[in-house]
Every structure is written in structure tokens, then in C-alpha cells.
Protein chains: 2
Amino acid sequence: MTETRYGKGQYIFREGDPTEYFHIVKEGSVKCVKSSLDGKECTLKVLMPGDLFCCDASAFDGASHPGTAQPMGDVSVLRMKKDAYFKMLRANPDAAMEVIRYLGNRLNEAQEKAKVLALDRADQRLASLLISLAERSGVPEPNGIRVSVRLTRQDMANMVGVTTETAIRIMARFKKARLVSGTAARLVIRDLPQLRLLAST
Amino acid sequence: MTETRYGKGQYIFREGDPTEYFHIVKEGSVKCVKSSLDGKECTLKVLMPGDLFCCDASAFDGASHPGTAQPMGDVSVLRMKKDAYFKMLRANPDAAMEVIRYLGNRLNEAQEKAKVLALDRADQRLASLLISLAERSGVPEPNGIRVSVRLTRQDMANMVGVTTETAIRIMARFKKARLVSGTAARLVIRDLPQLRLLAST
DNA sequence: AATAAAACATGACAATTGTCATGTTTTGAG
DNA sequence: CTCAAAACATGACAATTGTCATGTTTTATT
């Protein structure tokens, strides 16, 4: 299990690269991204410390990475050679069970995301995103919940499948309605209940 | 491991039901569905013989089912009490590894689906669906590939996050362009290469 | 074979979201 | 602190998709 550090502009691995390592996020956040042929990008998930990645099937079949893993700022990642990882899992039922649980949670999450993308309007999808940001990386503050991950409007757009302009416009509306305040450097959720209402309306 | 049969109009379990069993599809197909508060439905996946479900995290935390499992026609399902299933996995590293591989594949699939929903137009999403139907349940025929699962336009609409009308219109276009023929009872993919092209255009 | 229900179909129109263009503000590197 | 790059912002317009209404065809059941 070796520790590796990555910084801005680097990649942990890219879509299509051969799968060699199992990874755990130690410090910082990591973006999982897929892109289409015409350059459009979609952010599938932001991994936080403790999150596993490439703990799964792509690692098995000698296949290649189905997406790109990109550090958001400076990150530190623990990794282990594929073979050693599998050996470890076989020898250690507790670890294997933990990975099964983790993958199951990730699968549920991914399917919930698919549902939101399939059924909700852009503003609802953004509201859902803000809610989960508040829950997963929120820091309580006097006048709301600060999101500790730095996300530009473009990042948010890529996370909910809309254009940057649409994300900007909707966030501007949210700001006007006092549901949120600030931008990437300091995004604060000010009215979580109202956002929840909007997400399910 | 007991076998259970289900028929039209029944449910294997519904969203919110407590998780009690681990399941395997033995015969027939099973729809995994989520619905929103206002009645809109989204089909996450069609399970085929050999597919596992509830092999995952929801089964752990004593949580409830995140979605509904609905038989498509007559199906036969093998199931095992949660506790026995976990005991079996712990005692059997091969089985545990197999579940890890399976969940990983499902996760990749779900994320690919999310990407398509986030980035592609309705016609591209439908083309992608038809491609994967051809690959996963296609039966070669003199003039194309027959889809062995019976799917109405409404089913397809629910699978790609569009309205029934939109699915009907796009399928009509596909039919006119000789990419497909027939309806639910006998859907045939006639020009897979062209569909692939369309899906990634 | 009759018949009700479901599936398929199509038009007119509305709502949502994307595209492109342009300008302002904020951020970060030197 | 300066300055370029990135992020944020907004308008005008186009494209996509949804909504509602209505009608035909197919399917399944008695």
C-alpha cells in the first residue's frame, strides 16, 4: 500500500488506461469523469477521503478504466497492485464483505443519480446536487452550511448534465431566492428545507 | 435457496419494502423500477436469467429496497434469506469475489447509463438502448436481430428518460429509416452499425 | 369472433434547455 | 500589485422535448 500525491493538471488515470491498481482516497477530493466523443464531459462522482475506487470489475478482466480520475486540487491516494489486492480480499472475508457493502452503496447511488437524470428538471437536479453536497461535505456555519469542496458552476453543470450557462442561470435564481450564496470558493447552502422541497416538486 | 414464481401484475418486492432476501433470476426477465412522487417511472435495468439482485448494501444495513422489482411476464426467481447469504459469502471467498465482480460490472453499467442520460439526446439514448438490447438479448434472424424481451414503447421511454410520445416518434423515425422494425411483440434491429453511428454522433 | 384495454400514432402548441455572442467580475500566478 | 485566465453573468434566439388532445391499430380475454 503506497501513498501517491497528485496536483492540479495531473490525472490519476485516464479513460482507456489499463487497470493496474486499486485505490483509496486519503486526502482531498477526486473527480470521476467520463467524456463523449464530441468533448462533452460528465462528472459521475466526487470521491472523498475513505472512498475506494477501482475496487471493482474493471480491475478484474484485465480491462481498461471506464472513466478518468482527476484530482481536485492536491490529493493523496493510497494504492495497491491489483494482484496483491485480490489476494488480500480472498484471504480476508471481512475486507471482501466491506467491499461488497461499499460497491452496493455506490450502485444504489449511481442508480439514484440515473433516476434524477431521467426524471427531473434541471433546477431539481441542481437542488438534489446541493442537498447531497450539504450532506456529504457540509460544514455548519452561522448562516447555513458551507460546501467544503470547491465546485465551479461548470463543475456543477457537469455533475447534473446541463450546460454551464444553465447552471449559472439556475444558481442565480437560487441565490435570488436566498437558497444559496457565494460561488465556488465559498458556496453556502442557506435553505436546505426549501431545496429539498424543490428537488421533489 | 428456494424457487419462487411470479406472474403478471405481481411484484417481487416494492420500493420501501424491508430487505429480506438475496435473489437470482432463474427464468424470465425482471424490471428494476424507481418512481418519483408525482408518478413518473424510470426503469433502471432489465435483469435476465443469471442476474443477481439485492446482493448488495441495501441488504446489509437492515435498510429497505431502493426500488421495485417487477416480473415481465412469468418469471422464476431463486432466493435465499439474507443471513444465510452473508454466512455463505463469508465462508466462500470464490462466491464473494464473484459478487464483487458482478457488482463492479453493474456499477460501471449504471454509470455508463448516467453518462448517456446526462450527455445524449433522446434519439441517441434510444439508439444506445436498442444496441444494448441487441447485444444482451438479441436472437439472430434472417433480416436482423430480434429482441427477445417484450418491450413496449412506454417501457423503452421509461428506460431512457423520455415520454412515451417521444419514444413513439423516434421509433417511428427509426422504422422509416429501416433501422428497426416491429413493435413490442416482435421488435427487430435491422441496422445495428447505423444505430451505433447514431448513438455516438 | 366480439370487445375492452392497451399500445401505437400524429398534430398543435408550450415549456425547457441549449447555443452563441458579449461583457463583467473574480481568481491566481508571477 | 498586475494582468491574464477563468469564472460568472445575461440576452436573443434556436432546438429539443414535453403536454394535451384525439384517433387508429393491436393485443388479450371472454
Side-chain angles (χ1 to χ4, degrees), chain A residues 7-9 31 36 38-43 70 72-74 116-127 129 147 149-177 180-188 198-199 201, chain B residues 7-9 31 36 38-43 70 72-74 116-127 129 147 149-177 180-188 198-199 201:
Chain A
K8 224 179 84 175
K31 254 199 297 193
S36 64
D38 52 323
K40 284 185 291 189
E41 278 199 353
C42 149
T43 299
Q70 200 176 348
M72 304 176 73
D74 291 332
V116 168
L117 284 168
L119 299 180
D120 294 350
R121 284 191 318 271
D123 57 343
Q124 297 175 303
R125 301 209 295 270
L126 255 170
L129 171 62
V147 175
V149 190
R150 188 194 171 89
L151 291 174
T152 66
R153 305 297 196 235
Q154 170 153 230
D155 290 326
M156 294 188 229
N158 287 342
M159 294 175 85
V160 300
V162 296
T163 59
T164 306
E165 292 91 333
T166 295
I168 288 175
R169 276 184 249 259
I170 293 174
M171 288 298 287
R173 264 175 26 216
F174 285 180
K175 196 177 242 174
K176 198 166 290 176
V180 301
S181 67
T183 56
R186 184 179 175 69
L187 176 62
V188 178
L198 176 61
T201 298
Chain B
K8 224 179 87 175
K31 251 199 299 193
S36 66
D38 52 324
K40 284 182 294 189
E41 279 198 353
C42 149
T43 299
Q70 200 177 347
M72 303 176 73
D74 291 331
V116 168
L117 285 168
L119 299 181
D120 293 351
R121 282 191 320 271
D123 57 343
Q124 297 175 304
R125 302 208 293 270
L126 257 170
L129 171 63
V147 175
V149 190
R150 191 195 168 88
L151 292 172
T152 65
R153 305 296 197 236
Q154 169 153 234
D155 290 325
M156 293 187 230
N158 288 342
M159 294 174 84
V160 300
V162 297
T163 59
T164 305
E165 291 91 332
T166 296
I168 288 176
R169 276 184 249 259
I170 291 173
M171 287 299 288
R173 260 172 33 212
F174 285 0
K175 196 178 244 175
K176 197 166 293 176
V180 300
S181 68
T183 57
R186 183 177 176 72
L187 176 62
V188 178
L198 176 59
T201 301

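Labels below follow one simple rule: chain letters A, B, ... track the order of the sequence lines, proteins then strands, and each chain is numbered from 1.
Among the heavy atoms of the strands lying under 4.0 Å from Arg121(A) are primed sugar atoms or P, OP1, OP2 only; no base atom is included. Within 4.0 Å (heavy atoms only), Lys40(B) reaches no atom of the nucleic acid at all.
Annotation: the span from Arg153(B) atom CZ to Thr164(B) atom OG1 amounts to 11.5 Å, rounded to 0.5 Å. Considering CG of Leu129(B) and CE of Met159(B), their distance stands at 5.0 Å, rounded to 0.5 Å.
Both Lys175(A) and Ala118(A) sit near DNA chain D, but only Lys175(A) has its closest nucleotide nearer the 5' end. In this structure, Arg125(A) and Leu151(B) both approach DNA chain C, and ranking their closest nucleotides by distance from the 5' end singles out Leu151(B).
Here the side chains of Gln124(A) and Val116(A) are not in contact, with every heavy-atom distance at 4.5 Å or above. Residues Leu117(B) and Arg125(B) have side chains in contact (heavy-atom distance under 4.5 Å, counting atoms from C-beta outward). The shortest distance between side-chain heavy atoms of Leu151(B) and Met72(B) falls below 4.5 Å.
In this structure Lys175(B) satisfies the salt bridge (Lys or Arg N to Asp or Glu O under 4.0 Å) test with no other residue, sequence neighbours excluded. Residues satisfying the side-chain hydrogen bond (donor to acceptor under 3.5 Å, both in side chains) criterion with Thr166(B), sequence neighbours excluded, are Thr163(B). Every side-chain hydrogen bond (donor to acceptor under 3.5 Å, both in side chains) that Ser36(B) has, sequence neighbours left out, goes to Asp38(B). By the salt bridge (Lys or Arg N to Asp or Glu O under 4.0 Å) test, Arg186(B) is found to be paired with Glu141(B), residues two or more places apart in sequence or in another chain being considered. For the side-chain hydrogen bond (donor to acceptor under 3.5 Å, both in side chains) test, residues two or more places apart in sequence or in another chain that qualify with Ser181(A) are Arg190(A). For Ala127(A), the side-chain contact (heavy atoms from CB on, under 4.5 Å) test picks out Phe174(A), Leu195(A), Leu198(A), Ala199(A), with sequence neighbours left out. Applying the salt bridge (Lys or Arg N to Asp or Glu O under 4.0 Å) rule to Arg173(A) yields the partners Asp123(A); only residues at least two apart in sequence or on another chain are considered.
Mapping heavy-atom proximity under 4.0 Å, the span of DNA chain D touched by chain B runs 5' to 3' from dT17(D) to dT29(D).
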Give each protein N/O atom lying under 3.5 Å from an N/O atom of nucleotides 25-27 of chain C, with the pair distance.
| unit_1 | atom_1 | unit_2 | atom_2 | d |
| --- | --- | --- | --- | --- |
| dT27(C) | O3' | Arg150(A) | NH2 | 3.4 |

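The C1' atoms of five pairs define one axis at each end of the helix from dA1(C)-dT30(D) to dG30(C)-dC1(D), and these two axes lie 70° apart (to 10°).
A heavy-atom distance below 4.0 Å to DNA chain C is reached by these residues of residues 159-166 of chain A, ordered by number: Gly161(A), Val162(A), Thr163(A), Glu165(A), Thr166(A).
Pairs passing the salt bridge (Lys or Arg N to Asp or Glu O under 4.0 Å) check and including a residue from residues 155-167 of chain B, sequence neighbours excluded, read Lys31(B)-Asp155(B).
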